[in-house]
Amino acid sequence: MAAGFVVVVTAYWLGKAIYNLYFHPLAKFPGPRWAAASYLAEFYYDVLCGGQYFKKVIQMHERYGPLVRINPHELSFDDPIFYDKVYAGGGHKREKDAGHAAMSGMFTATISTVDHDLHRQRRGYVANFFSKKSIHDLEPLIQKKVDILVERLKEAYHSGQTLVGVLVFGSLAADIITHYAYGESFEELNKPGFPCELERGVKGLLLSLHARRYFPAMGRFLSRLPKWVLARMQPDVVVYVELDAKVEEYSKKALKKREAGDSSAKAQTLFDALVDPHISAPEKTIQRLKDESFLILFAGLDTTARFLTVMVCCMATYPNVLAKLRAELRSLTDTLESKPTWSQLEALPYLTAFINESLRFQCNFTGRFPRVPLEPLVYKDWVIPPRTTIGAIPHLLLNHPDIFPEPKTFRPERWLEAKARGEYLDRYLITFTKGSRACLGINLAYAELYLSVAALVQNFEMELVDSSIENIIPYRDMGLAFDKEYNFGVNFKISKVLQG
Ligand code: HEM
């Protein structure tokens with residue numbers, strides 16, 4: 001019986017591999033045969049070796065060129081000029097790859113919605129909250145949280161505390177996004193030692209990301225395991241599972257509040273918008289609210305925390321860059337009576353160049369964020385069939401030497417020099433991806449980055465502790481990059497307080 005089963009499975013697997021190699025619509029596309037035949041290699045490198053397949057994909061591009069078949073049904077490209085065609089908006093329909101969508105475990109969240117039209121609908125429920133105008137309205141709250149951060153960092157200076165970058169900035173991002181989502185902040189900044197459980201929860205999710213692609217039911221399975229078993233496997237996963245219960249509670253509360261309240265009242269929070277009376281009942285189930293809530297918490301938290309950590313790392317590593325930032329900011333603040341606003345900061349060329357270069361340099365987005373175009377795409381001599389999964393690794397494109405010469409060098413000046421030549425490098429800055437499924441929180445992210453960097457530059461000298469720029473170089477890809485020890489970012493301390 002068992003032998004018969006093995007024979008059937010082997011025959012099926014062989015038949016599938018032969019189909020993939022010789023009869024699949026992608027059979028003629030360049031790439032190694034072992035990658036085209038089955039998913040075994042990807043499973044091995046990502047699940048068993050811990051996020052190593054992105055390095056294989058980079059090697060494939062070096063060997064086979066800008067368009068490669070990296071698994072039976074997926075292409076990867078390494079050409080910044082082609083980006084806008086794949087990550088398109090407007091009338092071009094872009095679906096998600098079902099396998100990749102399952103990785104987050106948030107099956108009904110906007111980011112995981114496979115169907116193009118349903119995705120547009122879901123994104124539309126909250127899109128207004130992320131417009132530039134809405135984020136300008138939110139600016140006093142963001143500034144207030146940044147001010148709390150500054151006070152907490154001053155305390156850390158006096159106590160000589162070593163700070164973990166992603167936990168400090170995760171606390172800031174968490175307090176802002178939870179206030180916006182639920183109308184009450186989680187008050188992470190006020191907790192001693194910046195524990196930021198939420199950030200650990202995101203890490204727990206990311207560490208199980210690849211396994212979830214192959215075993216989509218894993219999330220449910222993990223939530224049923226006793227906590228001591230989980231803690232033995234990976235403590236950060238426990239935090240993630242505990243968070244699940246907390247988010248469910250918030251979802252139920254939001255739904256009840258809306259049902260009991262005035263149905264014509266304007267939505268004050270993201271949650272109010274998600275339970276709007278005009279939205280149909282199947283779109284307001286507890287599960288959907290939970291999924292969307294997780295998306296907003298996670299998407300708005302770890303990303304911002306990581307890039308602010310990169311910025312601290314660059315300021316501490318390149319004192320000449322910090323000096324230029326400080327001089328430019330001083331020339332602005334000397335003429336102001338109050339703190340600079342986001343709009344005033346955005347107009348500063350060197351600060352903008354610094355933020356752009358930090359979003360590019362060693363970009364910790366090692367995942368592919370693939371799209372599934374519903375129309376055929378033409379790339380050079382190739383016609384890519386409709387419904388082919390295709391993506392690009394932001395980390396790779398942002399290191400493309402044709403667009404960013406000497407890409408491993410951190411040089412904000414490249415953005416200013418390009419502008420002076422009439423070139424707009426910004427169009428190649430794809431850290432937030434592009435098109436109909438690009439980051440919805442981009443305005444919020446920029447407001448947080450500008451206001452936080454300005455506050456850090458004006459108030460502090462920082463130095464790295466037991467860490468260096470090496471700690472932000474991607475070693476593992478778990479959707480986002482990690483170092484060899486499954487951490488990301490640098491530890492630092494405040495070495496001098498400049499104001500107050
Ligand atoms: C530096 C900070 C940030 C970066 C670099 C970033 C980057 C990204 C990227 C690359 C995606 C596309 C993922 C995909 O294609 O599957 C995305 C999606 C998304 N981001 Fe961000 N993000 C940042 C901050 C934020 C913030 C603060 C929020 C606020 C809640 C946010 C909310 C979202 C949402 C809701 C999506 C899903 C959009 C959709 O599927 O239509 N992000 N982000």
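Whatever order the structure lists them in is the order used to number ligands and atoms, beginning at 1.
- Annotation: cation-pi pair Arg371/Tyr87 absent, no NZ/CZ under 6.0 Å from the ring centroid and within 45° of its normal.
- The protein heavy atom nearest to atom 36 (C) of ligand 1 is Leu440 N, 3.9 Å.
- Set against the non-hydrogen atoms of Phe130, the atoms of ligand 1 under 4.0 Å away are 29 (C), 30 (C).
- Trp342 and His136 have tilted rings, their planes meeting at an angle from 30° to 60° on a 0 to 90° scale.
- At a 4.0 Å cut-off, not a single heavy atom of Tyr180 sits close enough to ligand 1 to count as contact.
- Ligand 1 has no N or O atom lying under 3.5 Å from any N or O atom of Glu448, backbone or side chain.
- Residue contact check for ligand 1: His100 places no non-hydrogen atom closer than 4.0 Å to it.
- Those atoms of ligand 1 with a heavy atom of Arg371 less than 4.0 angstrom away are 14 (C), 15 (O).
- Separation of the Phe186 and Tyr250 ring centroids falls under the 6.0 Å cut-off.
- With a 4.0 Å cut-off on non-hydrogen atoms, Ile177 touches ligand 1 through its side chain and not its backbone.
- Residue Thr433 has no N or O atom closer than 3.5 Å to an N or O atom of ligand 1.
- By the 3.5 Å distance cut-off applied to N or O atoms, Lys96 is counted among the residues near ligand 1.
- Only the side chain of Phe307 comes within 4.0 Å of ligand 1, judged by heavy-atom distances.
- Heavy-atom minimum distance, Phe129 versus Ala273: CE1-CB, 3.6 Å.
- Contact between Ala438 and ligand 1 is present, with at least one heavy atom of the residue lying under 4.0 Å from the ligand.
- Regarding atom 33 (C) of ligand 1, its nearest protein heavy-atom neighbour is Ala299 CB, 3.6 Å.
- For atom 21 (Fe) of ligand 1, the closest non-hydrogen atom on the protein side is Cys439 SG, 2.3 Å.
- Looking from atom 10 (C) of ligand 1 to the surrounding protein, the closest heavy atom is Thr431 O, 3.4 Å.
- Side chains of Glu184 and His179: a donor-acceptor N/O pair is absent below 3.5 angstrom, by distance only.
- Considering every non-hydrogen atom in both Ala305 and Val166, the closest pair reads CB-O, 3.6 Å.
- Atom numbering of ligand 1 starts at 1 in the shown order; those under 4.0 Å from a heavy atom of Phe365 are 5 (C), 7 (C), 10 (C).
- Annotation: cation-pi pair Arg306/Phe488 present, NZ/CZ under 6.0 Å from the ring centroid and within 45° of its normal.
- Side chains of Glu74 and His100: a donor on one and an acceptor on the other come within 3.5 Å.
- Looking only at atom types and distance, the side chain of Lys203 has a donor-acceptor partner in the side chain of Asn487 under 3.5 Å away.
- Residue Arg427 comes nearest to Lys434 through the heavy atom pair O-NZ, 2.7 Å, listed as atom of the first residue, atom of the second, then distance.
- Scanning all protein heavy atoms for the shortest distance to atom 6 (C) of ligand 1 gives Phe432 CD2, 3.6 Å.
- Protein heavy atom in closest approach to atom 23 (C) of ligand 1: Thr303 OG1, 3.3 Å.
- Here the two rings, on Tyr318 and Phe410, have centers that are under 6.0 Å apart.
- Scanning the protein for heavy atoms near atom 27 (C) of ligand 1, the closest one is Gly300 CA, 3.5 Å.
- Judged by distance alone, the side chains of His73 and Tyr39 do bring a donor and an acceptor atom under 3.5 Å apart.
- The shortest heavy-atom distance from Arg122 to ligand 1 is not under 4.0 Å.
- In this structure, Lys284 fails the cation-pi test against Tyr125, since its NZ or CZ atom is not both closer than 6.0 Å to the six-membered ring centre and inside 45 degrees of the ring normal.
- Given atom 13 (C) of ligand 1, the protein heavy atom at minimum distance is Phe369 CD2, 3.7 Å.
- Near Ala445, meaning under 4.0 Å from one of its heavy atoms, ligand 1 places the atoms 2 (C), 24 (C).
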